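A note on names: the letters A, B, ... follow the listed sequences, proteins ahead of strands, and every chain is numbered from 1. Everything numeric in this text was worked out from a predicted model, so none of it was measured.
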Amino acid sequence: MTTPAILPERGLADRLTALFWRHPRLLLAVLLTPPLLWLGVVYLGSLAALLLQSFYSIDEFSGMVKEEFTLKTYAELFRAQNLDIILRTLLMSAAVTLGCALIAFPIAYYAARFARGKWKAVFYLGVMLPLWSSYLVKVYAWKLILAKEGIITWAAEGVGLSMILNAILAIPGIGGNSLSTSPLGTFIVFVYVWLPYMILPMQASLERVPTSMLEASADLGASRAQTFRTVILPLAMPGVIAGSIFTFSLTMGDYIIPQIVGTSARFIGLAVYQLQGTAGNIPLAAAFAVVPIVIMLVYLTIAKRKGAFDAL
Amino acid sequence: MTAAVEFQRVSRHFGPASAPVKAVDGVDLTIAEGSFFAMLGPSGSGKTTCLRLISGFEKPTGGTIRIFGQDVSDIPPNRRNVNTVFQDYALFPHMNVRDNVGYGLMVKGVDRRTREARAEEMLSLVKLDGYGDRKPAQLSGGQRQRVALARALVNEPKVLLLDEPLGALDLKLREAMQDELKTLQARLGITFVFVTHDQGEALSMADSLAVFNEGRIAQIGTPAEVYSRPRTRFVADFVGSSNVLPPEVTRAFGGPAKWSSLRPEMLRLTAPDGVALSGTVTGLRYLGAGSRVTVALNGTEVAAQLPAGQPVPEQGATVGLAFDPAALHVMEGEG
Ligand SMILES: Nc1ncnc2c1ncn2[C@@H]1O[C@H](COP(=O)(O)OP(=O)(O)O)[C@@H](O)[C@H]1O
Ligand SMILES: [Mg+2]
């Protein structure tokens with residue numbers, strides 16, 4: 001039997017393949033147009049609209065938005081009460097990020113280096129499982145756990161650690177009447193809720209560090225601590241940064257947790273929510289919303305300067 | 001002379017004791033100080049595991065390892081003055097070449113200025129002057145290999161372990177690096193333990209070599225000994241793909257009724273008439289520097305290597321075979 005050197009065309013699929021083969025740019029255009037439209041119009045477009053709003057101001061008498069370019073709204077951010085909100089949010093986000101990083105690292109390290117087969121599946125399940133249940137349910141559950149009559153107070157009494165709990169709650173700025181009404185409580189819930197977003201990128205970056213790299217370090221005379229500092233940590237840095245982008249920006253934007261757990265002192269997210277809702281001050285809400293973006297940009301610039309992405 | 005490395009009945013088994021993978025199994029070996037020692041064997045024969053036992057990344061499940069006379073059972077890798085050139089080089093991607101090379105000094109607390117000067121010295125030793133500021137990703141495979149070498153040498157190790165260091169290089173570069181490594185070793189006087197699966201590389205570079213097969217040493221000796229007097233069929237076949245002759249064929253070739261080996265280049269083709277051995281040409285392979293002719297002699301295929309320029313017989317032709325009887329090597333390692 002002989003076969004032809006050129007196979008016949010089999011309908012539309014072959015014709016399209018041929019068309020794209022002759023014009024590779026066409027394929028690229030077809031593939032890229034929808035995501036670029038999405039990114040350009042829906043995402044960047046709404047960001048631009050937000051930015052535009054923040055340069056308007058509100059008329060003090062009528063309460064209407066004046067559509068004239070002004071920096072007045074941004075100046076308002078620097079009023080003591082607003083600056084307070086920004087600073088509180090920034091501190092909380094930094095603390096949550098640090099807390100998440102400290103807790104996530106050993107977990108991610110174990111999963112990347114030692115967990116195999118079944119244990120790896122257990123790891124992924126353990127990390128992802130909390131993400132599958134409703135966020136609100138988790139937060140309310142934590143409110144109960146942290147409440148004055150809650151399980152933590154009860155357990156502390158049971159093992160005779162009430163003194164320590166009360167001592168912690170007595171620390172000004174962190175403590176409060178009970179864990180569920182203290183900044184510490186807000187911190188704990190934030191750390192719990194965002195932890196998976198730190199573990200997963202960290203684990204991915206640690207997984208990419210080949211064992212031979214660690215062996216090379218030991219081979220050249222490094223102790224375990226030295227290997228950790230000079231090889232593992234720098235190589236894990238892109239993952240840490242990726243994770244911290246999540247925890248940092250998620251904390252800065254959240255407006256539910258501080259309402260349910262904590263002192264009801266306002267955070268940026270809550271301020272935005274209230275300004276655009278009840279107060280109807282869209283320009284100030286927009287200006288507030290720009291703050292996390294600026295903070296993230298500054299953070300990433302510093303991280304880049306410090307060489308956090310050198311291992312990429 | 002002290003032995004740089006000494007293995008006494010060293011084993012490394014993996015997996016359950018009921019069905020262990022015997023990566024290294026009862027190996028005895030002595031590596032002389034200042035020598036270039038090669039570990040040769042097919043993939044999976046236990047060479048890397050042996051090297052890792054010396055560097056300390058594997059612990060023996062049996063036997064003792066001595067480095068310069070000292071039992072190293074309880075010494076972790078970072079305290080063994082032994083350095084490794086890893087198979088995948090394992091350069092630190094986030095450090096430039098200079099910091100990579102200076103790493104061993106940095107962890108010892110040598111100040112920056114001294115270690116950078118030493119790193120530059122090492123880089124010029126491996127002919128990479130001026131590459132200090134580059135990142136590993138900006139280097140070619142051959143250059144990375146040199147950086148790995150410089151990095152391992154900066155600590156002035158007593159023993160340098162190289163795990164198939166030339167495996168990823170193309171032929172030309174590989175040959176150049178073989179010469180360089182050999183020269184470097186002679187100049188520094190450091191004991192080199194060199195793992196390879198390339199018999200040509202092992203034969204041309206080593207002062208002595210061990211042939212590995214399934215976790216055991218099949219033969220240990222100088223390249224000339226191993227090449228011309230293989231102990232077992234495995235060695236004869238693996239090192240230089242010799243003709244391995246079963247007892248009855250050995251007898252037909254004029255030897256005792258034992259397994260023997262006969263190097264293809266020791267065989268000559270003659271006219272078929274009036275000789276004891278004749279057969280049909282069943283295969284022809286052009287090798288550039290000569291040709292290899294396969295001749296079938298009553299069921300046994302024998303390869304003869306002809307130097308370039310000699311007339312090559314045709315496929316299917318009947319030819320006679322002649323050889324120097326002294327070239328027929330009887331293998332005492334086979335029963
Ligand atoms: N960590 C390990 N766990 C299980 N088996 C291993 C391990 N390391 C090596 N082996 C096995 O030991 C044998 C020898 O491996 P190796 O020393 O890497 O051989 P070579 O370097 O000669 O190719 C192989 O069968 C390999 O699968
Ligand atoms: Mg190997």
Between [X] and [Y], does any side-chain donor sit less than 3.5 Å from a side-chain acceptor?
X      : Y      : result
A:D254 : A:T251 : no
A:S212 : B:Y89  : no
B:Y131 : B:Q143 : yes

Inset, instruction - Could I get the full list of ring pair (Phe, Tyr, Trp, His ring centres under 6.0 Å) partners for A:Y255, not counting sequence neighbours? - result: A:Y273

Nearest-0.5 Å distance that lies between atom [atom1] in [X] and atom [atom2] in [Y]:
X      : Y      : atom1 : atom2 : answer
A:C100 : A:W194 : SG    : CH2   : 9.5 Å
B:L123 : B:E120 : CG    : CD    : 5.5 Å
B:D163 : B:T196 : CG    : OG1   : 9.5 Å

Legend entry - Part of A:T211 within contact of chain B (heavy atom distance under 4.5 Å): neither

Legend entry - Pairs of heavy atoms under 4.5 Å with chain A: top-ranked of B:D88, B:N81, B:L105: B:D88

Inset, instruction - Enumerate by number any residue of residues 38-64 of chain B whose heavy atoms lie under 4.5 Å from heavy atoms of chain A; in the absence of such residues, state 'none'. - result: B:R52, B:S55, B:F57

Legend entry - Ion pair A:R113/A:E207, N-O distance below 4.0 Å: no

Contact part of [X] toward chain A, heavy-atom cut-off under 4.5 Å: side chain, backbone, both or neither?
X      : value
B:L91  : backbone
B:F86  : side chain
B:N83  : both
B:V82  : backbone
B:A152 : backbone

Inset, instruction - Could you have a look at A:M237, A:R229, A:E215, A:Q226 and say which one has the most heavy-atom pairs with chain B under 4.5 angstrom? - result: A:E215

Legend entry - Whether over 12 other heavy atoms sit under 6.0 Å from B:R187 CZ: no

Inset, instruction - Over 60° means perpendicular and under 30° means parallel, so classify the ring planes of A:Y197 and A:F246, tilted if in between. - result: tilted

